[in-house]
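These notes concern the structure reproduced below.
For clarity, every value in this text was computed on a predicted model and none was experimentally measured. For the numbers below, each heavy atom of this structure counts, side chains included, while hydrogens, waters and symmetry mates do not. Below, chains carry the letters A, B, ... as their sequence lines are ordered, and counting in each starts from 1.
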There are 2 protein chains.
Amino acid sequence: MEDRLEALIARLREQDCRITPQRLALLEMLIESDEHPSAAELYERLRARFPTTSLATVYKTLNLLKALGEVTEISFSDGDTHYDAGNPTPHIHLICTQCHRISDVPFITAPNLTAELTAQTGYHITGHRFDFYGICPACQGK
Amino acid sequence: MEDRLEALIARLREQDCRITPQRLALLEMLIESDEHPSAAELYERLRARFPTTSLATVYKTLNLLKALGEVTEISFSDGDTHYDAGNPTPHIHLICTQCHRISDVPFITAPNLTAELTAQTGYHITGHRFDFYGICPACQGK
DNA sequence: TTATCTGCAAAATGTTTGCATGCAC
DNA sequence: GTGCATGCAAACATTTTGCAGATAA
């Protein structure tokens, strides 16, 4: 976790990007939160520490990280774009269609679909995304 | 294919929804096209037959179908929302990150991840979505 | 005939851009 | 000191809403 932060900082420096307090806070929030926050949520939290910060700054940093491949967008059927802190271990998203919570689940069966797909379609496959939709335990009671 | 159209029409009627010429055309376009069009693309094509139609009508119909669970949104990292005509056979999306084409691939290995996930997380799983990203054969030469 | 759908225009929402000032390096 | 980042406001793009007239049932 600490390592991930260090790695991100190094990655930014290597691109001649500056580590401002706002960016550092955003990086920490992205890494620590396992809830895949949206830009608006990140902005809300960031504003607790930097009352004058703006949504534009959040978007600019997110776009920067996206361009570096360090963050992934999860555009999610019901509204805003959420961000996945580039959790480097492969995982599945489990999305509650009621409370909109997104959880990560480590891969249970590592499918070697990739090789099969390449053989079958000729695509050069660079990434993938597995999402499951359902009702989380907490929402099932309601 | 014909059956699917019949089924959709029946479904709409059952909800006291009217089958207008515009809707019928939209349904046909959704079912026939395997390219997962966006609202704007659907509007463009619809306008060829109904020059005075509006984007609002397209959105209203898509939202109706979405609410009925007959159409799925694929919000796709680079721009608009695309629509999947609720192709009833399970399939994988293969998305070219260069030309943005989305292809359907039938499930090769039907993973029974669902049961495993339910056992492990307590979620009541209702759906899923597998997307692979890569470069399609046509774009690899460029 | 009646409730729904259409299509226009306006509004709401989410994201991006331009630019002057401020700050990391 | 230099150049990138911030933060404001304005611009943009996409989607939604309201409503009067049209139309499927």
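- Across all strands shown, B:Arg13 has heavy atoms under 4.0 Å from sugar-phosphate atoms exclusively, and none from any base.
- For D:dC4, neither phosphate oxygen OP1 nor OP2 lies less than 4.0 angstrom from any side-chain nitrogen or oxygen of A:Gln15.
- Between the A:Arg49 side chain and the A:Pro21 main chain, no donor and acceptor come within less than 3.5 Å of each other.
- A distance below 6.0 Å separates the ring centres of B:Phe130 and A:Phe132.
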**OP:** Go through A:Leu30 and A:Glu70 one step at a time and tell me if the side-chain contact (heavy atoms from CB on, under 4.5 Å) criterion holds.
**Re:** CA-CA 11 Å; A:Leu30 278 169; A:Glu70 298 292 347; over 6 Å; no
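- Between the CG atom of A:Asp80 and the P atom of C:dA12 there is a distance of 18 Å, given to the nearest Å.
- Across all strands, A:Thr57 comes closer than 4.0 Å to base atoms (heavy-atom distances).
- Following rounding to the nearest Å, B:Leu64 (CG) and D:dT16 (C1') show an atom-to-atom distance of 15 Å.
- Between B:Gln22 and the phosphate of C:dG7, there is a side-chain N or O to OP1/OP2 separation shorter than 4.0 Å.
- OP1 or OP2 of D:dT6 lies within a sub-4.0 Å distance of a side-chain N or O belonging to A:Thr20.
- As a whole-Å value, the separation of A:Phe50 CZ from C:dC23 C1' is 13 Å.
- Atoms OH (A:Tyr43) and P (C:dT13) sit 16 Å apart, rounded to a whole Å.
- The two residues A:Arg129 and A:Ile74 come nearest to each other via the heavy atoms NH2-CG2, 3.6 Å.
- The CD-P distance, from A:Glu14 to C:dC25, rounds to 15 Å in whole Å.
- Counting any heavy atom pair closer than 4.0 Å across all strands shown, A:Pro21 reaches sugar-phosphate atoms only and no base atom.
- The CG-P distance, from B:Leu55 to C:dT13, rounds to 19 Å in whole Å.
- Note on the helix from C:dT1-D:dA25 to C:dC25-D:dG1: angle between the axes of the first and last five pairs equals 50°, rounded to 10 degrees.
- Protein atom NZ of A:Lys60 is 9 Å distant from nucleotide atom C1' of C:dC19, rounded to whole Å.
- B:Asp84 is listed as a side-chain neighbour of B:His91, based on a closest heavy-atom distance under 4.5 Å.
- Here the P atom of nucleotide C:dG7 and the CG atom of B:Leu46 are 8 Å apart, to the nearest Å.
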